[in-house]
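We're numbering straight along the sequence, starting at 1.
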Amino acid sequence: MFGLLINDKEVKEMEYLIKREMDEILFDLKDERIDHIVKRAMEERYKILFTLFRRVASPNECLKYTRRDNKSRKKG
């Protein structure tokens, strides 16, 4: 286990960077030209980023980026 000391400005920067990356992934997941295997890898990356995001963001911000499970989503 690792610990990390960061100030408020660094937390906001991490939050901003993670949000931008997650937004890009969400946008790309809607693209029908992308193969489903690639989309699966993108979803795994999204899960990792969201886990990091939960550590620095407020609960209200986390709700905006929470995704439904695969069963309720349209297969692609």
Margin query: Please say yes or no: joined through hydrophobic side-chain contacts below 4.5 Å, possibly via intermediate residues, are Val11 and Met22 part of one cluster?
Written below: no
Next item on the list: Check whether Ile6 and Phe53 end up in the same hydrophobic cluster, where Ile, Leu, Val, Met, Phe, Trp and Tyr are linked by side-chain heavy atoms less than 4.5 Å apart.
Entry: no
Checklist line | Nearest-0.5 Å distance that lies between atom CD in Glu13 and atom CD1 in Ile18 | finding: 10.5 Å
Next item on the list: To the nearest 0.5 angstrom, please state how far the CZ atom of Arg54 sits from the CD atom of Glu61.
Entry: 15.0 Å
Next item on the list: Give a yes or no on whether Asp8 atom CG has more than 12 heavy-atom contacts from other residues, nucleotides or ligands under 6.0 Å away.
Entry: no
Notebook entry, point to check: Are any of the side-chain nitrogens in Glu44 or Lys47 under 4.0 Å away from the carboxylate oxygens of its partner?
Noted result: yes
Item checked: Shared hydrophobic cluster, Tyr65 / Met14 (ILVMFWY, side-chain heavy atoms < 4.5 Å) -> no
Next item on the list: Check whether NZ of the Lys or CZ of the Arg Arg67 lies under 6.0 Å from the centre of the six-membered ring of Tyr46 and within 45 degrees of that ring's axis.
Entry: yes
Notebook entry, point to check: Can you tell me if Lys39 uses its side chain to pair, donor with acceptor, with the backbone of Asp31 under 3.5 Å?
Noted result: yes
Next item on the list: Say whether Ile34 and Phe27 are linked into one hydrophobic cluster, either directly or through other cluster members, by side-chain heavy-atom distances under 4.5 angstrom.
Entry: no
Item checked: Value rounded to 0.5 Å, distance of NZ in Lys12 from CG in Asn7 -> 12.0 Å
Next item on the list: Starting from the C-alpha separation in whole Å, work towards a yes-or-no answer on side-chain contact (heavy atoms from CB on, under 4.5 Å) for Arg45 and Glu21.
Entry: CA-CA 10 Å; Arg45 179 170 171 78; Glu21 185 68 22; 3.3 Å; yes
Next item on the list: May I have the step-by-step check of side-chain contact (heavy atoms from CB on, under 4.5 Å) for Met42 and Val38, ending in yes or no?
Entry: CA-CA 6 Å; Met42 291 166 58; Val38 176; 4.0 Å; yes
Check: How many angstroms lie between atom SG of Cys62 and atom CZ of Arg55, to the nearest 0.5 angstrom?
Finding: 11.5 Å
Next item on the list: Establish whether Leu17 and Ile25 are linked, either directly or via other cluster members, by ILVMFWY side-chain heavy-atom contacts under 4.5 Å.
Entry: no
Item checked: Atom pair NZ/CG of Lys64 and Asp23 - distance to nearest 0.5 Å -> 10.5 Å
